[in-house]
*Asks:* 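Pasting a structure here, questions to come.
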Amino acid sequence: MAGRDLRALFGSNDRSLGTGEAFTNREGQWGQVAAALAEHLARVTAPGFDVQDLEAARHNIIVFHGIGGVGKTTLSRKLEAALTAAEHRPAQWGEPAWPAAPRLLPVRIDLARSAGGDFERLVLTLRLALAGLDRALPAFDIALGRYWEHNHPGESLEEYLRRAGLVSRFAKALPGQVQAALSKAAEELALPGAVGSAVGQVATAVVRAVRERRTTARALAGCPRLADLLEADPDLEALSYYPHLLAYEVDRLPAKQAVVPVVLLDTFEDTGDRTNRDLERLIQRVVWLMPNALFIVTGRSRLQWADDALQGQLDYTGAAAWPQLAAHIPSARTAAEPEPAPTGTGTADDRQVLIGDFSPEDCEDYLTRRLTAADGQPLIGDALRHVITARSHGLPLYLDLAVMRFLEIRRTREPEPADFDHDFPALVARTLQDLTPDERHVLRAVSLLDAFDIPLAAKASGMAHQAAALRLAERPFVRENPLALWPYHLHAVVRSTIRRADDHTDDRWSDQDWASAAVRAFDALGDQWTSSTSRSRILLVACLRQGLILARDHRLGLGWLAAAAWAYVSDSIWEPLAPPAPARPAGQAPAGGPGGAAVLGTPADALVETLSTLAARQREHRTHTADRLTRVIDSALLPEDLTDMALYYRAKAHRDLGRTGASRQGMRQVAAGTTRLAPAAQRGLAHLARLDGDFPAAHEAAQTLGWAGRQHRVLGDLAWVHAEMNQATAHYEAARADAEQHAVAGERATSQAQLALTRAFTDPETAGDDLDLAAQLLTGLDLRATTLTTRIAALIRDAGTPGDEFSDRVGVLDAEVRASGVRAARTTLALARCFHHAVLDDNDGLDTVIRDLDQLTRDRDYAYYTDIAAFMAGRDLQYPSPARWLDSDQAVRDRWRALVTERQDRLRTAR
């Protein structure tokens with residue numbers, strides 16, 4: 001039911017301001033309620049349903065749980081309104097699927113402490129909802145009258161209802177109905193007038209009549225447990241069993257007056273905690289004893305009633321008792337299989353429903369309708385709505401707080417997007433309000449982590465036991481992905497707010513507390529990685545991502561990160577590692593250097609930049625790679641071995657860019673040292689000699705490389721440019737085998753890609769299988785240059801195919817190669833085009849490509865590729881390159897020409 005938002009109304013002098021209470025979406029939750037109601041109605045109206053069966057499993061409850069501020073109370077109120085009258089049901093919810101009779105009787109009870117909720121009040125609210133039937137419910141009313149006389153001497157029920165605020169149009173009717181039930185019982189049992197006015201005497205007489213099965217007590221005798229309840233001491237414990245009498249009375253209503261109570265219990269988290277379940281136990285008893293009423297519970301956490309471990313704290317526990325509340329308990333899922341639902345009611349599904357955040361579209365809709373100008377247009381503009389939506393991560397409470405901030409700023413000036421890069425302390429208070437001190441401690445610790453498991457949470461918090469972490473993991477603001485390495489993570493807004501907003505709670509952390517927690521979390525991540533026997537790549541990258549952020553944001557030493565960094569580069573896989581910008585207090589400008597470059601102030605900053613650059617080079621132009629690594633090297637923040645890492649990969653970038661002199665200088669500097677990249681730098685020098693055409697020098701250097709220097713791949717690279725394709729194939733196969741033996745996935749994929757390239761020249765059919773294997777080995781890897789190699793190999797495999805398709809593919813690939821800045825890929829692609837035109841005897845096309853090659857190789861690197869192009873076409877060399885071949889020029893020429901003529905013969909045969 002729409003209404004005025006009084007807080008917004010009194011937050012502005014603008015009387016034309018529209019302040020409607022916007023209700024957005026929640027069709028999914030309505031659909032679940034509708035399905036539960038349809039199933040419930042079918043169950044309670046079925047011939048075999050027995051309201052007095054106290055052993056059957058219960059299916060009369062649905063739970064909506066979620067983080068504070070996600071809209072549970074709003075949903076509860078909207079459900080009450082929609083079930084009360086059709087005109088209050090949102091249009092998007094559609095028509096209900098259940099029959100018009102029996103009539104639904106919704107009653108909403110707020111269990112919040114601030115609402116003064118207690119169990120006595122809950123029972124009276126249930127009875128008040130039935131007072132509109134305008135008839136006594138004798139079994140319940142006699143018991144209630146006895147309880148009232150004993151526990152509220154001298155205070156009438158009517159006076160209590162007025163004092164307790166339980167005022168409704170039926171409040172005056174209820175005391176009369178209770179008195180009518182007592183008077184009628186006294187009359188039927190022929191009690192003297194004086195005795196009949198005493199509730200205790202009436203109750204005693206009713207008990208005697210029921211025990212003796214008198215016909216005068218026929219209506220009451222149908223409830224066999226009435227006598228026992230009237231004989232029990234009329235205390236709170238007895239009152240908690242009286243709802244059984246209420247269920248009995250509702251069940252025996254005439255068809256024309258028949259109702260099905262729908263009880264909405266809101267703010268269920270305020271019923272107690274894990275060590276104090278007294279009120280929860282009483283409420284659970286009501287739900288169990290009223291199987292003909294549907295209970296819709298809204299609260300922050302799931303109900304644990306299906307957990308056998310609560311036996312003794314609650315009366316009815318376990319999956320067999322509450323089959324639809326057990327889906328989240330793995331050990332209980334088998335036991336939780338419910339009895340078949342009545343025909344036509346659908347399946348008995350999970351009734352513990354997490355209320356999710358708003359979608360971006362819902363956030364926009366909410367902000368559009370929440371505040372409107374006099375002409376009905378949204379007061380919050382498009383750009384501002386987009387900013388608030390993105391910042392909210394879909395949390396309705398954030399949207400609500402943002403609206404109030406908008407009004408507050410609007411008093412003095414027009415709000416701007418920057419005003420909402422803001423964390424609200426109220427979110428901290430709402431999140432922490434029902435957590436124990438230990439849970440608060442763990443929450444703050446895990447806010448430092450992107451994701452966590454229970455041991456990691458306990459270690460980060462410094463707890464000697466895991467109990468608080470286990471309890472925290474069940475909170476609705478902790479999201480779970482069971483398939484993830486660390487299954488838990490905090491809701492994004494909650495995490496940001498805990499870390500950045502001003503915390504005014506009594507147990508707030510000091511700066512030193514945060515620093516100590518960061519050290520604990522960092523060490524715990526390192527322990528997980530170093531103690532792992534499997535040395536999983538997934539674990540390595542996950543620990544690196546979180547460890548780098550902690551070390552950077554809290555200015556920690558490198559510690560275990562140095563060894564992890566070497567493990568990361570050793571596999572040549574290059575998963576993205578770029579962490580988000582450092583967390584900062586609200587209102588502080590983002591950190592950054594010129595052009596948005598990261599500020600390098602600590603070794604952790606430098607290592608973050610180094611590893612992020614190495615991963616990003618698979619998607620960036622090599623110029624960016626070289627520039628970023630130069631900043632790292634110039635900062636002099638890294639230790640010697642990690643500085644060599646930056647030097648080596650900058651030298652590789654220089655080589656890819658054609659900066660041969662700078663590359664050779666960097667490779668020599670690393671090769672002269674003793675760090676673990678020295679063999680790789682020796683390989684780099686061999687590659688540079690090959691690029692220069694000094695093949696004897698490259699071959700000689702390759703002889704001492706071994707596995708660490710990737711000897712077989714270097715020899716394969718030398719062999720294929722000499723058109724020794726069989727030798728090249730053997731070397732690449734050996735390189736792939738070495739990589740498999742050493743479990744280096746990136747090297748294995750690179751060797752296979754090179755193998756496919758050589759086979760593409762000699763055996764197109766087999767090359768297809770090699771390309772498929774290369775694609776398989778590249779799955780999950782981020783190797784841009786290797787991926788380009790496979791696509792060039794596919795072109796070579798298809799060289800000589802007439803038509804425009806080949807040229808179209810070349811055009812697309814050429815654009816990607818240019819964007820990468822990898823010069824080797826550009827020259828190899830040009831060589832593939834030469835092979836294609838040579839096979840077609842297309843002299844004009846060949847002339848064009850040779851001119852392109854000549855432009856690409858003007859600075860001597862890869863100059864011999866123009867020689868190879870001429871060899872393919874059988875042309876004389878007008879301007880030979882200075883290449884020093886491993887055998888005679890004529891032998892190399894003959895082998896390259898033979899590859900062309902063999903392809904021509906193959907294509908003619910295929911026709």
Side-chain angles (χ1 to χ4, degrees), residues 537-538 540-541 544-545 565-578 610-626 628-629 645 648-657 677 680 683-684 687 707-710 712-714 716-717 720 731-733 735-740 742-760 767 770-796 812-829 832:
R537 180 79 186 182
I538 295 174
L540 166 67
V541 172
L544 262 177
R545 284 175 178 155
W566 283 111
Y568 171 76
V569 303
S570 67
D571 285 344
S572 301
I573 296 178
W574 313 116
E575 301 92 335
L577 282 178
T610 300
L611 297 182
S612 299
T613 301
L614 297 186
R617 73 196 176 108
Q618 305 301 329
R619 297 168 298 282
E620 292 181 346
H621 196 279
R622 288 297 197 265
T623 302
H624 298 302
T625 303
R628 292 177 68 181
L629 291 177
M645 180 188 292
Y648 171 75
Y649 284 102
R650 184 181 67 172
K652 286 191 69 173
H654 283 322
R655 185 186 71 201
D656 289 340
L657 292 167
L677 279 175
R683 177 178 78 246
H687 278 314
W707 153 250
R710 309 298 191 257
H712 282 297
R713 180 151 63 85
V714 173
D717 292 344
W720 85 260
H731 282 304
Y732 288 137
E733 287 176 338
R736 186 186 64 196
D738 283 347
E740 289 173 347
H742 291 86
V744 180
E747 176 63 22
R748 181 177 59 174
T750 298
S751 299
Q752 179 60 34
Q754 291 296 129
L755 175 60
L757 183 77
T758 57
R759 281 239 174 87
D770 285 318
L771 284 169
D772 289 342
L773 178 56
Q776 180 181 340
L777 296 180
L778 279 166
T779 301
L781 308 185
D782 196 0
L783 297 173
R784 189 179 196 179
T786 300
T787 301
L788 293 175
T789 298
T790 62
R791 296 180 63 187
I792 296 170
L795 285 173
I796 295 171
V812 172
L813 184 55
D814 184 60
E816 295 184 31
V817 167
R818 288 174 184 271
S820 72
V822 180
R823 192 182 188 198
R826 288 191 68 187
T827 53
T828 307
L829 176 59

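Predicted model, so just to flag it, every value in this text is computed and none were measured.
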*Asks:* What residues, two or more places apart in sequence or in another chain, satisfy side-chain contact (heavy atoms from CB on, under 4.5 Å) together with R545?
*Replies:* V541, E575, P576, L577

*Asks:* Please identify each residue that fulfils side chain to side chain donor-acceptor pair (under 3.5 Å) with R619, with sequence neighbours left out.
*Replies:* D782

*Asks:* Return the minimal non-hydrogen interatomic distance between L788 and A825, and the atom names on each side.
*Replies:* CD1-CB, 4.1 Å

*Asks:* Quick one, L829 and L795 - any side-chain contact, counting heavy atoms below 4.5 Å?
*Replies:* yes

*Asks:* Residues in ring-ring contact (aromatic ring centres under 6.0 Å, His included) with W707, at least two apart?
*Replies:* H742

*Asks:* From L757 CG over to I796 CD1, what is the distance, rounded to the nearest 0.5 angstrom?
*Replies:* 4.5 Å

*Asks:* For a 4.5 angstrom cut-off between non-hydrogen side-chain atoms, does I573 reach R537?
*Replies:* yes

*Asks:* Using the side chain to side chain donor-acceptor pair (under 3.5 Å) criterion, which residues pair with T786? Sequence neighbours excluded.
*Replies:* T750

*Asks:* Can you list the residues that meet the salt bridge (Lys or Arg N to Asp or Glu O under 4.0 Å) rule with D772, with sequence neighbours excluded?
*Replies:* none

*Asks:* Would you confirm whether R748, through its side chain, and A743, through its main-chain N or O, come within 3.5 Å as a donor-acceptor pair?
*Replies:* no

*Asks:* Side chains of S820 and E816: does their closest heavy-atom pair fall under 4.5 Å?
*Replies:* no

*Asks:* Mind checking side chain to side chain donor-acceptor pair (under 3.5 Å) for T623 and listing every partner two or more places apart, or none if nothing turns up?
*Replies:* H621

*Asks:* Taking E747 as the fixed residue, which of R736, R683, R713 is the one that meets the salt bridge (Lys or Arg N to Asp or Glu O under 4.0 Å) rule?
*Replies:* R713

*Asks:* Once side-chain contact (heavy atoms from CB on, under 4.5 Å) is applied, do any residues pair with H731, and if so which ones, sequence neighbours excluded?
*Replies:* H712, L715

*Asks:* Check A794 against L771 and note the closest heavy-atom contact, atom names and distance.
*Replies:* CA-CD1, 3.8 Å

*Asks:* Minimum heavy-atom separation for A793 to A760, with atom names?
*Replies:* O-CB, 3.4 Å

*Asks:* Among all residues two or more places apart in sequence or in another chain, which pass the side-chain contact (heavy atoms from CB on, under 4.5 Å) test with S612?
*Replies:* A578, P579, V608, R628

*Asks:* Before giving the answer on salt bridge (charged side-chain N to carboxylate O under 4.0 Å, His left out), spell out for R818 and D814 the whole-Å C-alpha distance, their side-chain angles and the decisive distance to 0.1 Å.
*Replies:* CA-CA 6 Å; R818 288 174 184 271; D814 184 60; 2.8 Å; yes

*Asks:* List in chain and number order the residues that pass salt bridge (Lys or Arg N to Asp or Glu O under 4.0 Å) with R823, two or more places apart in sequence or in another chain; answer none if no residue qualifies.
*Replies:* D859, D861

*Asks:* Check side-chain contact (heavy atoms from CB on, under 4.5 Å) between D770 and all other residues, then give those that pass, not counting sequence neighbours.
*Replies:* Q752, L755, A756, R759, T766

*Asks:* With sequence neighbours left out, write down each residue that passes ring-ring contact (aromatic ring centres under 6.0 Å, His included) with W574, or none if nothing qualifies.
*Replies:* Y568, Y649

*Asks:* Starting at CG of L614, measure out to NZ of K652 and round the result to the nearest 0.5 Å.
*Replies:* 9.5 Å

*Asks:* Is there a donor-acceptor pair under 3.5 Å between the side chain of Y732 and the backbone N or O of Q754?
*Replies:* no

*Asks:* The criterion is side chain to side chain donor-acceptor pair (under 3.5 Å); which residues satisfy it with T790, sequence neighbours excluded?
*Replies:* none

*Asks:* Would you indicate whether the side-chain heavy atoms of T828 and T789 approach each other to under 4.5 Å?
*Replies:* no

*Asks:* Can you tell me how far the CE atom of M645 sits from the CG atom of L629, to the nearest 0.5 Å?
*Replies:* 10.5 Å

*Asks:* Quick one: pull up OG1 in T625 and CG in L657 and give me the separation to the nearest 0.5 Å.
*Replies:* 8.0 Å

